[in-house]
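What follows is a set of notes on a single structure, which appears directly below.
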Amino acid sequence: MNRPTKILEAAQTHGRVLVDELAEQLRVSPHTIRRDINALCEQGKLRRLHGGAEFIEGGSNLPYSTRSSLNVAAKRQIAERVVDLIPDHATLFFSIGTTPALVAAALAEHEGLTVITNNLNAALALSDAPGARIILPGGTLRLPDRDILGPQVLDLFRGYRADFAIYGVGGVDTDGSLLDFNEDEVQNRQCQRANARASILVADTTKFGRRAAAVGGNLSDADHIVIDQRPAPPWNEVLDPLSDRLILAGGTS
């Protein structure tokens with residue numbers, strides 16, 4: 001991952017970034033960081049602040065190719081832990097996003113799965129699984145993310161009852177509210193959870209405190225919450241009531 005991408009990811013996660021802190025973290029001069037920030041501001045991705053910059057809200061998200069390269073080790077830990085929850089011959093919903101796609105890839109040796117998804121990356125990851133049946137909605141493929149959103153997607157999920165809904169999220173607010181970058185993403189996630197016998201939220205710890213505009217659902221709605229590691233102590237008030245529903249992929253919950 002190149003330096004501007006790291007800066008953009010930090011800004012999206014924390015809302016804002018400071019030149020001096022970035023220079024120390026990335027081991028370059030403040031002048032170099034200011035030059036990178038200026039370029040990102042010119043591209044409309046950041047807004048200048050005194051001593052740094054802030055992420056521009058408004059439904060924007062990092063490109064899929066960038067997100068797919070972020071926190072890969074943590075996401076794979078999460079995926080491997082989810083595998084233990086899923087039996088052969090299960091019916092699964094997969095939401096959009098990079099972590100659900102990695103969960104799908106980790107399930108590729110499971111037998112007889114029925115997969116209903118609008119995440120083409122997840123569908124392709126399971127296309128060679130033994131005895132898999134994959135069901136996709138109609139509609140327009142959203143590129144470069146390779147997913148489908150809209151009324152046809154909701155109609156598809158309403159027509160099935162899955163054993164498990166495996167879904168990601170754009171961000172988690174301080175009260176446990178789940179955030180995404182547009183309303184369609186929220187509706188898609190909520191519909192999957194409502195029509196599944198059990199729900200599994202998958203999120204690496206960078207999602208805690210990440211801001212996004214659309215809100216729907218809460219951490220506490222999920223039957224299982226699988227994260228790579230427990231975030232900093234300010235999140236204890238939200239996480240402690242989850243009890244054994246919270247699964248730490250890097251250790252025991």
Side-chain angles (χ1 to χ4, degrees), residues 5 7-17 44-47 53-64 66-68 70-71 74-75 78 82 93-103 117-119 121-122 142 145 147-150 153-154 157 165-194 196 199-242 245-247:
T5 298
I7 293 171
L8 190 58
E9 162 67 7
Q12 184 175 358
T13 299
H14 303 294
R16 62 176 59 192
V17 289
K45 297 176 180 179
L46 296 180
R47 181 184 296 111
E54 65 179 352
F55 184 73
I56 295 177
E57 297 290 344
S60 56
N61 194 4
L62 292 173
Y64 187 90
T66 299
R67 288 183 284 123
S68 64
L70 296 174
N71 310 308
K75 293 174 183 178
I78 291 168
V82 173
F93 290 150
F94 283 96
S95 80
I96 64 173
T98 59
T99 307
L102 285 173
V103 173
T117 185
N118 58 331
N119 185 337
N121 295 294
R142 187 173 65 158
D145 291 45
D147 59 43
I148 304 168
L149 293 172
V153 176
L154 296 178
F157 289 128
I166 300 167
Y167 59 93
V169 66
V172 181
D173 213 343
T174 52
D175 62 354
S177 296
L178 303 183
L179 309 175
D180 275 300
F181 290 90
N182 64 65
E183 186 178 356
D184 282 347
E185 292 174 347
V186 172
Q187 291 179 349
N188 168 60
R189 170 167 49 76
Q190 294 282 72
C191 184
Q192 290 188 33
R193 186 184 62 79
S199 56
I200 304 173
L201 170 62
V202 292
D204 68 86
T205 50
T206 66
K207 300 297 178 68
F208 288 81
R210 175 175 287 173
R211 300 189 297 176
V215 60
N218 193 280
L219 278 175
S220 60
D221 297 333
D223 297 294
H224 306 281
I225 304 95
V226 186
I227 62 178
D228 54 315
Q229 59 184 335
R230 196 177 179 100
W235 294 95
N236 288 345
E237 186 175 345
V238 170
L239 296 178
D240 286 347
L242 300 175
R245 288 187 291 152
L246 180 66
I247 300 173

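Sequential numbering from 1 along the given sequence is applied to the chain's residues. Computed from a prediction, not measured in an experiment: that's the story for all the values here. Hydrogens, waters and symmetry mates play no part in the numbers below; they use all other heavy atoms, side chains included.
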Sole candidate of L246, L201, I200 that passes side-chain contact (heavy atoms from CB on, under 4.5 Å) when paired with H224: I200

Heavy-atom pair of closest approach, residues D228 and A74: OD2-CB, 3.3 Å

Between CD1 on residue I225 and CD1 on residue I247, distance to nearest 0.5 Å: 8.0 Å

D175 side, atom CG; S220 side, atom OG - distance, nearest 0.5 Å: 9.5 Å

Carboxylate-amine/guanidinium proximity below 4.0 Å for R230 and D240: yes

Heavy-atom closest contact (N218 atom, S177 atom, distance): ND2-N, 3.5 Å

Pairwise side-chain contact, V82 with V202, heavy-atom cut-off 4.5 Å (strictly under): yes

With T174 via side chain to side chain donor-acceptor pair (under 3.5 Å) - residues at least two apart: none

Least distance between heavy atoms, A222 atom then S199 atom: CA-OG, 3.3 Å

Test item: N121 side-chain N/O and D145 main-chain N/O as donor-acceptor pair under 3.5 Å: yes

Criterion side-chain contact (heavy atoms from CB on, under 4.5 Å) on F208 and I227, from CA distance to verdict: CA-CA 10 Å; F208 288 81; I227 62 178; 4.0 Å; yes

Pair D180-V169, side-chain contact (heavy atoms from CB on, under 4.5 Å): steps then yes or no: CA-CA 6 Å; D180 275 300; V169 66; 4.3 Å; yes

Side chains of N188 and D147 in contact at under 4.5 Å (non-hydrogen atoms): no

Side chain to side chain donor-acceptor pair (under 3.5 Å), paired with Q187, selected from Q190, E183, R189, E185: E183

Flag for T117-N119: side-chain donor and acceptor within less than 3.5 Å: no

Worked verdict on W235 versus T205 for side-chain contact (heavy atoms from CB on, under 4.5 Å): CA-CA 11 Å; W235 294 95; T205 50; over 6 Å; no

Closest approach of V215 to V186 (non-hydrogen atoms, all atoms of both residues): O-CG1, 3.9 Å

Results of side chain to side chain donor-acceptor pair (under 3.5 Å) for R16 - residues two or more places apart only: none

Minimum-distance pair of heavy atoms, taken over all atoms of Y167 and P100: C-CG, 4.1 Å

Side-chain donor or acceptor of D204 paired with backbone N/O of T206 under 3.5 Å: yes

Nearest heavy atoms of S95 and G168, plus distance in Å: OG-N, 3.0 Å

side-chain contact (heavy atoms from CB on, under 4.5 Å) between L219 and L239, intermediate numbers included: CA-CA 8 Å; L219 278 175; L239 296 178; 4.1 Å; yes

Among I166, N118, L154, side-chain contact (heavy atoms from CB on, under 4.5 Å) partner for Q192: N118

For D221, all residues meeting side chain to side chain donor-acceptor pair (under 3.5 Å), sequence neighbours excluded: none

